[in-house]
Amino acid sequence: MADTVKLNIPKDAAVHVMCQDLHKIREGLAAMGLHAHILDQVSKKLKEQAMEIERMHSDRQYIIGHNDGWDAAMATGLPGNETK
């Protein structure tokens, strides 16, 4: 089976556009013979934070769903408590 590669591409459109703009700025500076290392760090940090926010949002939905399921199950009655 082929190995998978984790892509570091943010799903947030605003973050994606900002990263593209930073890339264009870096290319423009490189054309002038300059390299701004801070732009590399900014882009990396921006992507890391976007990924962390996306992970937190996805975890939050799981937790809400889990809690709703648990509440619904408990509302039906506790296991072992049969009414006679």
Side-chain angles (χ1 to χ4, degrees):
M1 181 178 253
D3 292 333
T4 58
V5 176
K6 183 180 177 186
L7 297 177
N8 192 12
I9 301 172
K11 295 177 185 172
D12 187 323
V15 173
H16 188 70
V17 169
M18 284 189 279
C19 289
Q20 286 178 335
D21 289 344
L22 285 171
H23 181 71
K24 289 176 187 176
I25 292 169
R26 284 195 316 257
E27 285 179 342
L29 290 172
M32 294 187 311
L34 302 171
H35 185 75
H37 296 285
I38 191 74
L39 293 179
D40 296 334
Q41 294 171 359
V42 168
S43 180
K44 181 180 176 188
K45 187 66 175 180
L46 186 61
K47 288 179 183 179
E48 287 173 359
Q49 288 180 348
M51 293 298 202
E52 185 65 20
I53 290 169
E54 289 171 12
R55 186 190 65 77
M56 288 175 60
H57 282 274
S58 66
D59 288 353
R60 182 73 182 136
Q61 295 304 320
Y62 171 80
I63 292 168
I64 290 171
H66 181 270
N67 290 343
D68 287 347
W70 180 264
D71 292 342
M74 292 299 113
T76 61
L78 295 173
N81 290 344
E82 295 179 17
T83 57
K84 293 182 182 183

For Val42, side-chain contact (heavy atoms from CB on, under 4.5 Å) partners two or more places apart: Leu22, Ile38
Please identify each residue that fulfils salt bridge (charged side-chain N to carboxylate O under 4.0 Å, His left out) with Glu52, with sequence neighbours left out. Arg55
Residue pairs involving residues 61-72 (criterion salt bridge (Lys or Arg N to Asp or Glu O under 4.0 Å); sequence neighbours excluded): none
In this structure, CD of Gln20 is separated from CD1 of Ile25 (nearest 0.5 Å) by 12.0 Å
With His35, which residues qualify under side-chain contact (heavy atoms from CB on, under 4.5 Å), at least two apart? His37, Asp40
For Ile53, what residues pass the side-chain contact (heavy atoms from CB on, under 4.5 Å) criterion, not counting sequence neighbours? His57
Side chain to side chain donor-acceptor pair (under 3.5 Å) involving Gln49 - partner list, sequence neighbours excluded: none
Can you find a heavy atom in the side chain of Ser43 that is under 4.5 Å from one in the side chain of His23? no
